[in-house]
Amino acid sequence: MDLEVRGINKRFGATIALDSVNLKIASGTIHSLIGENGAGKSTLGKILSGVYQLDSGEVELAGQAVTIGSPRDALSRGITIIAQELSLVPSRTAADNVYLGIEDHAGPWVRRGVIKDRFEELTNTSGITVPNDRPVSALSIGDQQKVEILRALARNAEVIVMDEPTARLSVEETAVLKTVMRSLRDQGKTIIFVSHFLGDVLDVSDEITIMRDGKIIRTSKPSDETHDSLVEAMTGRKAGDAFPAKHPPASPTPVLEVSGLTRGIQFADISFTVGAGEIVALAGLVGSGRSEVARAIYGADPIDSGEVKLQGNTIKISHPATAISNGIAMIPESRKDQGLILDRPIRENIALPYLKKLSSVLMKRRQENSLVSENFQAAGIRALSSEMSVRSLSGGNQQKVLFARSLAGAPTLFIADEPTRGVDVGSKRAIYELMVDLASKGMAVLVISSELDEVVGLAHRVIVMQTGKIVAELVGDQISESAVVAAAFSTKQREGLAS
Amino acid sequence: MTTVDTASKSVNVKSLLSKYAIVWVTILVFIFLSASTDAFLSIDNLRNILDQQSVVLIVAAFTTIALISGGFDVSLGAIYILAPLVALRVQNNINSAWLTLLAGILVGLITGLLNGVIVAYGKINSFIATLATSFIFFGIAYLVSDGTILRVTDINMRKVATTHILGLTSATWIAFLVIAIAWILLDRTRFGRYIFSVGGNFEAARLAGVRTNRVVVAAFVLAGAGAGLAGTLNSIRSVTAQASDDFSIIFSVIAAVVVGGTSIAGGSGAIWRSVVGVFFIAFIVNGFNLNGVDPVYQRIIQGAVILTAVGADAWSRRDKS
């Protein structure tokens, strides 16, 4: 089913999201939509799937003009969207979720047997398998996504819009998803892939459409594009080097010394150091215990045994408040769930950890304002004022608010967990520069990232974890994507558990 | 994204309309009643409304703080009944106005502490936890009073609530004082920031170094103290208290706070909103009474009005996203 849009316009209040967009998407292809935050790619995907209505313009499906009034309407025409935030019923099984609302029934009774048979048939024909013996809340994000895809297939979807499907997936889950996408295409389905991840886009697409400021810049084949050419088209600027130059300190004095850190089944016997001016990356697969180690150092989770030394002094950190007063700052893995108070102003979000210093009986607003504006600028937040709610900012700027918060404490140890997740290309570079700058000023920086190029591009030293243990430490020239991957997968592959 | 300048002005007017919607509606109700009902716009009537609403305002002030912190306390009705019974026992033995009030507040503090500790450290949903404790508090209320009616033995005690100062009753002034305290706490202190952050995103607040559990406990303690003070003041005014007294005030309070626009999901709200919410409902009830509307229909209409107000608010929010 070919899909064509002509002259589509869409506005949100004062913002023009789509400006006379024309696009043709051929049936049975994987068509990527890329662009910076606010470029209009998600909006276009949502218009096609009926989530938003267009202000003017035409949508043609298989040569016929259609009006898509609602997601239900879109679905009846064979178009569906898999949104970034999955919409499953967490306490039900995969099959229950797949057939939710279209259950086989006899009168008021659901025919469980028939549903089970149909589910098996569906997984056989599509080649997508997920465990059906437990509630979907017990499945990994990757499997949950597969349930959503199955749900789309069960409703005979021909066109599937995937909005940032890989954003929350690990490297290996992403690989599985790409295989699923290719096999769906080979079965004749059309996939519209909205993504920030240019590596995935180049790898999996048949065609790529680049958007900027609500307009289409061009549509091309991946063989005609490179990472840099895409970035240039998306940002409208010449792409420089992705990462600032590395300047590892010669013999850094240790700031953080961790020894024998152990916590339940999450990690055991973790020992490493981070020196002043050093950028150390904790790498490994999702679930290898990277984030858990960082959280334990920060006092977010308790440890069973082990020792944490900060600038030579052993400290016991049982709450993040203790970490902060000892000069540790952490940007957590998920800025929305663990980082920001979205409905409060930027100012309050930056000042939150330091309110004791900024108040006596009442808040000292003048001192607060000066602390905030100083770090607002240092972090390069782009917003009209610090009184804007954090929710109204783009992902990149939200992340910078967390940087500003960390900077305001003038920490000696700075931990950043997935600092660039869901951040557009322009902001990424700014965030890298910020981290390199912090290190050059003598801060000890500990970075956790699922993006290998980031680990390789930033770190002076890489500590690779696997199932809760440190399996390798790479320094200087040893650091490469293949070395990190080899270490991260090493034992697993030997045991044949790589899948 | 491209911003179009001409549109921004109308957007501001629209947001001003929706942000202060409850204020405009309350003013409209006030104007309508002033024009349609003779007895409404008189000093005596308005003074009366203030006096009647004083206890509701006291409970509402700290309930607002608890709700913003993400805590839903349904045991306030029970505390409102229990506190005066203990306070009147104190009054019967030691005839001191201050100690009587203090005893009522103290009961609120202790019961609030219990609620807070259960919710924060027991990790039990606040609605369920306080539903359970309210049974306990009601039970204790019967124990304290032996199931009898307790009376204020010294009629002079009433002066605590009924003394006229600058034309308003002391109960009204106490309510103003409580509102001022709650407003300053929420708007001008570190504690207020913590309340918003804990209700807005508990885990984010914790990782930002906020002692989240202590904040939750403090919010319940304050809510309890407010209910204890309000219950005691009310019983001193009416000179009696018993365990089977009307505790429906908690429904009026929650209705007023929610109509005012404080979210029961936590993280957003304001003291002024609850004050406006209290008067919105009070004006409507007063209008009904002055026009002799049957109390049975009053309740039905009141419920419908609250639903409409909250529904309109939900609609306007949905529009934004």
Side-chain angles (χ1 to χ4, degrees), chain A residues 11-17 19 36-40 43 213-215 295 298-300 319-325 328-332 334-344 348-365 368 390-391 394 402 405-406 409, chain B residues 1-15 18-19 68-70 120-121 180-181 183-215 261-263 265-270 317 319-321:
Chain A
R11 240 182 200 220
F12 295 102
T15 307
I16 296 171
D19 188 0
E36 290 193 279
N37 286 334
T43 307
D213 295 336
K215 296 191 180 81
R295 286 175 59 89
Y298 187 68
H319 191 283
T322 322
I324 293 166
S325 62
I328 305 176
M330 183 173 86
I331 293 184
S334 162
R335 64 171 166 272
K336 281 187 181 151
D337 296 337
Q338 305 164 335
L340 295 164
I341 322 292
L342 288 173
D343 287 321
R344 303 308 295 173
E348 291 187 11
N349 271 282
I350 293 176
L352 187 56
Y354 318 109
L355 296 186
K356 265 196 187 132
K357 274 184 274 172
L358 299 174
S359 64
S360 49
V361 177
L362 302 181
M363 286 295 305
K364 294 175 183 162
R365 278 297 294 274
E368 184 189 12
V390 171
R391 191 184 290 282
S394 71
L402 288 176
R405 177 196 282 173
S406 297
Chain B
M1 292 195 205
T2 324
T3 307
V4 182
D5 288 325
T6 47
S8 56
K9 211 168 202 175
S10 67
V11 169
N12 279 340
V13 173
K14 206 177 160 191
S15 78
S18 73
K19 187 175 176 193
I68 295 173
S69 81
Y121 294 95
I181 292 172
W183 174 71
I184 289 170
L185 267 179
L186 193 61
D187 235 52
R188 290 283 182 270
T189 70
R190 174 168 91 221
F191 175 71
R193 295 285 183 85
Y194 290 161
I195 289 288
F196 277 108
S197 67
V198 166
N201 189 336
F202 188 90
E203 183 61 8
R206 191 175 79 92
L207 291 183
V210 178
R211 302 278 181 177
T212 42
N213 285 339
R214 293 183 202 168
V215 174
T262 293
S263 158
S268 73
R317 272 163 218 260
D319 236 29
K320 258 187 273 173
S321 64

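Chain A is the first sequence line, chain B the second, and so forth, proteins listed ahead of strands; every chain is numbered from 1. Atom set for the values below is all heavy atoms of this structure, side chains included, hydrogens, waters and symmetry mates excluded.
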Residue part contacting chain B, namely of A/L362, when any heavy atom lies under 4.5 Å: both
Got a donor-acceptor contact below 3.5 angstrom from the B/R206 side chain to the A/A300 backbone? yes
What option among A/G339, A/S394, A/P320 has the most heavy-atom pairs under 4.5 Å with chain B? A/P320
How many angstroms lie between CG in B/L207 and CD1 in A/I324, if you round to the nearest 0.5 Å? 8.5 Å
Around A/K364, counting heavy atoms of other residues, nucleotides and ligands shown, do more than 12 lie under 6.0 Å from its NZ? yes
What part of A/Y298 gets closer than 4.5 Å to chain B, counting heavy atoms only: side chain, backbone, both or neither? side chain
Proximal component of A/N349, with respect to chain B [non-hydrogen, under 4.5 Å]: neither
With chain A, the option among B/G267, B/G192, B/G199, B/G209 that has the most non-hydrogen atom pairs under 4.5 Å is B/G209
Using non-hydrogen atoms and a 4.5 Å limit, figure out which bit of A/S325 sits close to chain B: side chain, backbone, both or neither. neither
Would you say A/R365 has more than 12 foreign heavy atoms packed within less than 6.0 Å of its CZ? yes
In terms of heavy-atom contacts, B/A204 and A/I341 come closest through CB-CD1, 4.0 Å
Before you tell me yes or no, could you show the steps for B/S197 and A/L352 under side chain to side chain contact (heavy atoms under 4.5 Å, CB included), namely the whole-Å CA-CA distance, both residues' side-chain angles and the distance that decides it to 0.1 Å? CA-CA 8 Å; B/S197 67; A/L352 187 56; 3.8 Å; yes
Looking at side-chain heavy atoms only, is the closest gap between A/L355 and B/Y194 below 4.5 Å? yes
Check whether any side-chain N or O of B/N201 sits under 3.5 Å from a backbone N or O of A/K336 as a donor-acceptor pair, and report yes or no. yes
